[in-house]
Amino acid sequence: MSDLPACVAINEEGPREGFQIEPGPIRTEDKIALIDALSGTGVRHIQACSFVSPRLVPGWADAAAVVAGFTPRDGVEYTALWFNARGLDRALAFRDRLHVTGSIALAASEAFSLKNLNRDRQGNIEAMHKQTEAHVAAGVPVTRIGVMAAFGCNFAGDIPVERVVETVQDGLAIAAGCGVTIADLGLADTMGWATPARIERVVGTVRNRWPELRLTLHLHDTRGLGIANAHAGLRMGVARYDTTVGGLGGCPFAAHKGAPGNIATEELVLLCEEMGIATGIDLDAMIDVGHLAERIVGHPLPSAALRGGSLAGFRSRAA
């Protein structure tokens, strides 16, 4: 356990990831209320919305109104997601409220890239090269590569670790061609294929190849192994995770209707607390926000921590 990090950084993606897949409609004021509530839990990074086509992702047709409406809190970075020049322009309009940084978004599965972005491997490489050039021209830093479907794919099956390595190489080549330096690498289990053994294999291979890159894991709980996979990542020293309050969300292009989304923020915070790893997040406050999220979407969310609560109250009563 010597590789355990002393602390972890959690990127809360509940608003963006969650509201893109809910059948809705979710009211704009409710989205704003959730972001504002999350801002008070101690979380330092919140992905607030997606600037994407309202035709493809109608749940984020009101992205501009949401960003204009939430109340920024000192010490919290609010970010957004986009995949093209139009999305970038929309994000830049809120540069005073959003932390605008670029990312080179690739997929280790070409089949998933076609479903998610309507681009084959080469087409996505070309699109990301153009997008990175646009970021540079706009003065937007690009320091991150994100690899979707890094552990498996509902359309292509198992993804060999060699394919993940090739995808990272694609991203680094794009970065080099645009004159930017990559510091961060996100590995996403977009469709819930990861297991602890897969985490160890992929993370170990990538870290041995590029020890200078800071890793983030984006884990889905599709098959109930999300928190076990996070535990495997923690044991390997991974100190950055994407999560969603209550386990909100899921990928609308994964061909798996009703599957749970990301690992729940409060479950990861609970795990870290019990392992002596600091998060800076108030667990009970995050659980309260999870219940707010359930009221907003109108149905129970998959997080077990919302049912069981934290251990602090039980410990105080037992003392």
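Values below: all heavy atoms of this structure, side chains included; hydrogens, waters and symmetry mates excluded. Since we're looking at a predicted model, the values are computed, not measured.
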Enquirer: If we only count heavy atoms from C-beta on, is the Glu22 to His299 side-chain gap below 4.5 Å?
Expert: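 The answer is yes, as the side chains (C-beta and beyond) meet within the 4.5 Å cut-off.
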Enquirer: For Ala111 and Phe155, which heavy atoms make the closest approach, and how far apart are they?
Expert: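 Looks like CB-CB, 3.7 Å.
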Enquirer: Would Thr101 and Arg144 count as a side chain to side chain contact (heavy atoms under 4.5 Å, CB included) here? Give the steps.
Expert: CA-CA 9 Å; Thr101 61; Arg144 182 181 184 275; over 6 Å; no
Enquirer: So do Val164 and Thr205 actually touch side chain to side chain, heavy atoms under 4.5 Å?
Expert: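 No - every pair of side-chain heavy atoms lies 4.5 Å or more apart.
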Enquirer: To the nearest 0.5 angstrom, please state how far the CD atom of Glu166 sits from the CD atom of Gln169.
Expert: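 Separation between the atoms: 7.0 Å.
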Enquirer: Does the side chain of Leu248 reach to within under 4.5 Å of the side chain of Glu17, using non-hydrogen atoms?
Expert: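 Contact flag for Leu248/Glu17 side chains = no.
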Enquirer: Would you find a donor on one side and an acceptor on the other, under 3.5 Å apart, between the side chain of Ser303 and the backbone of Ala305?
Expert: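 Checking the backbone N and O of Ala305 against the side chain of Ser303, a donor-acceptor pair under 3.5 Å is found.
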Enquirer: What is the distance from atom CE of Met128 to atom CZ of Phe83, rounded to the nearest 0.5 Å?
Expert: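 Rounded to the nearest 0.5 Å, the CE-CZ separation comes to 7.5 Å.
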Enquirer: Any sub-3.5 Å donor-acceptor pair from Arg198's side-chain atoms to Trp193's backbone N or O?
Expert: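 Side chain of Arg198 to backbone of Trp193, a donor-acceptor pair under 3.5 Å: yes, one is there.
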Enquirer: If the threshold is 4.0 Å, N to carboxylate O, is there a salt bridge linking Arg121 and Asp170?
Expert: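 Salt bridge between Arg121 and Asp170, a charged N being under 4.0 Å from a carboxylate O: yes.
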Enquirer: Look at the side chain of Glu12 and the backbone N and O of Val245, then say whether any donor-acceptor pair between them is shorter than 3.5 Å.
Expert: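 Such a contact is found between Glu12 side chain and Val245 backbone.
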Enquirer: Carefully, step by step, assess Arg235 and Asp3 under the rule side chain to side chain contact (heavy atoms under 4.5 Å, CB included).
Expert: CA-CA 6 Å; Arg235 288 175 60 92; Asp3 284 342; over 6 Å; no
Enquirer: For the backbone of Gly192 and the side chain of Arg223, can you confirm whether one donor and one acceptor N or O come within less than 3.5 Å of each other?
Expert: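 At least one qualifying donor-acceptor pair exists.
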Enquirer: Nearest 0.5 Å, what's the SG-NE2 distance between Cys272 and His231?
Expert: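 Those atoms lie 10.0 Å apart.
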Enquirer: Is there side-chain contact between Pro15 and Leu38, with heavy atoms separated by less than 4.5 Å?
Expert: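 They are in contact (side-chain heavy atoms under 4.5 Å apart), so the answer is yes.
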Enquirer: Could you tell me whether a side-chain N or O of Tyr78 sits under 3.5 Å from a main-chain N or O of Arg73, the two making a donor and an acceptor?
Expert: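 Looks like yes, one N/O pair under 3.5 Å.
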Enquirer: Which pairs pass side chain to side chain donor-acceptor pair (under 3.5 Å) with one or both residues in residues 43-72, sequence neighbours excluded?
Expert: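 Found Arg16-Gln47, Thr28-Asp62, Lys31-Asp62, His45-Glu77.
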Enquirer: Do Thr265 and Val43 come within less than 4.5 Å of each other through their side chains, counting heavy atoms only?
Expert: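 Of all side-chain heavy-atom pairs linking Val43 with Thr265, none is under 4.5 Å.
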Enquirer: Are the side chains of His129 and Glu126 in touch, meaning some heavy atoms are under 4.5 Å apart?
Expert: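 Counting from C-beta outward, His129 and Glu126 never come under 4.5 Å.
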Enquirer: Pick from Asp242, Thr243, Thr216: which one makes a side chain to side chain donor-acceptor pair (under 3.5 Å) with Asn11?
Expert: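 Per the side chain to side chain donor-acceptor pair (under 3.5 Å) rule, the option paired with Asn11 is Asp242, out of Asp242, Thr243, Thr216.
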Enquirer: Any side-chain heavy atom of Asn229 sitting closer than 4.5 Å to one from Phe151?
Expert: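 No; the side chains remain at least 4.5 Å from each other.
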Enquirer: Which heavy atom of Ala68 sits nearest a heavy atom of Arg97, and at what distance?
Expert: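 Closest approach of Ala68 to Arg97, heavy atoms only: O-NH2, 3.5 Å.
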Enquirer: Measuring from atom CG of Leu98 to atom CD1 of Ile46, what distance do you get when rounded to the nearest 0.5 angstrom?
Expert: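 It comes to 11.5 Å.
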Enquirer: Hydrophobic cluster membership, with links at side-chain heavy-atom distances under 4.5 Å among I/L/V/M/F/W/Y: are Leu56 and Leu114 in one?
Expert: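 The answer is no; the residues belong to distinct hydrophobic clusters.
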Enquirer: Any idea which heavy atoms bring Val67 and Cys49 closest together, and the distance?
Expert: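 Here Val67 and Cys49 meet closest at CG2-SG, 3.5 Å.
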Enquirer: Can a side-chain donor-acceptor contact be found between Thr167 and Arg163 if the only test is distance below 3.5 angstrom?
Expert: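 Yes, Thr167 and Arg163 have a side-chain donor paired with an acceptor closer than 3.5 Å.
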Enquirer: Is Glu266 reaching over with its side chain to a backbone N or O of Gly246, donor-acceptor style, under 3.5 angstrom?
Expert: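 Present.
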Enquirer: What is the distance from atom CG of Asp184 to atom CD1 of Ile104, rounded to the nearest 0.5 Å?
Expert: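 Asp184 atom CG to Ile104 atom CD1 measures 12.0 Å (nearest 0.5 Å).
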Enquirer: Give every donor-acceptor pair under 3.5 Å between a side-chain atom in residues 135-143 and any protein atom, sequence neighbours left out.
Expert:
unit_1 : atom_1 : unit_2 : atom_2 : d
His135 : ND1    : Gln131 : O      : 2.7
His135 : NE2    : Trp82  : NE1    : 3.1

Enquirer: Say whether, by atom type as modelled, one donor and one acceptor occur between the side chain of Asp30 and the main chain of Val297 under 3.5 angstrom.
Expert: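 Not a single qualifying donor-acceptor pair exists.
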Enquirer: Show the numbers, then the answer: is there a side chain to side chain contact (heavy atoms under 4.5 Å, CB included) between Leu270 and Ile227?
Expert: CA-CA 10 Å; Leu270 175 61; Ile227 205 68; over 6 Å; no
Enquirer: Hydrophobic cluster membership, with links at side-chain heavy-atom distances under 4.5 Å among I/L/V/M/F/W/Y: are Leu271 and Leu225 in one?
Expert: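 No, it is not one cluster - the side chains of Leu271 and Leu225 are not joined through contacts under 4.5 Å.
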Enquirer: Which heavy atom of Ala37 sits nearest to which heavy atom of Leu292, and what is that distance?
Expert: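 Distance-wise, the nearest heavy atoms are CB-CD2, 3.8 Å.
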Enquirer: Do you know which two heavy atoms are closest between Ile159 and Ser109, and how far apart they sit?
Expert: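 Smallest interatomic distance, heavy atoms only, reads CD1-CB, 3.8 Å.
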Enquirer: Strictly below 4.0 Å, N to O, side chains only: are Lys130 and Glu133 in salt-bridge contact?
Expert: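 Salt bridge flag = no for Glu133 with Lys130.
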Enquirer: Determine whether Phe19 and Val57 satisfy the following criterion, side chain to side chain contact (heavy atoms under 4.5 Å, CB included), listing intermediate values before the conclusion.
Expert: CA-CA 9 Å; Phe19 296 137; Val57 187; over 6 Å; no
Enquirer: Could you give the distance from CD1 (Ile287) to OG1 (Thr41), rounded to the nearest 0.5 Å?
Expert: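 With rounding to 0.5 Å, CD1 (Ile287) is 11.5 Å from OG1 (Thr41).
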Enquirer: How close do Phe112 and Ala107 get, heavy atom to heavy atom, and via which atoms?
Expert: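 That would be CD2-CB, 4.3 Å.
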Enquirer: Do the non-hydrogen side-chain atoms of Leu187 and Leu185 ever get within less than 4.5 Å of each other?
Expert: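 In contact.
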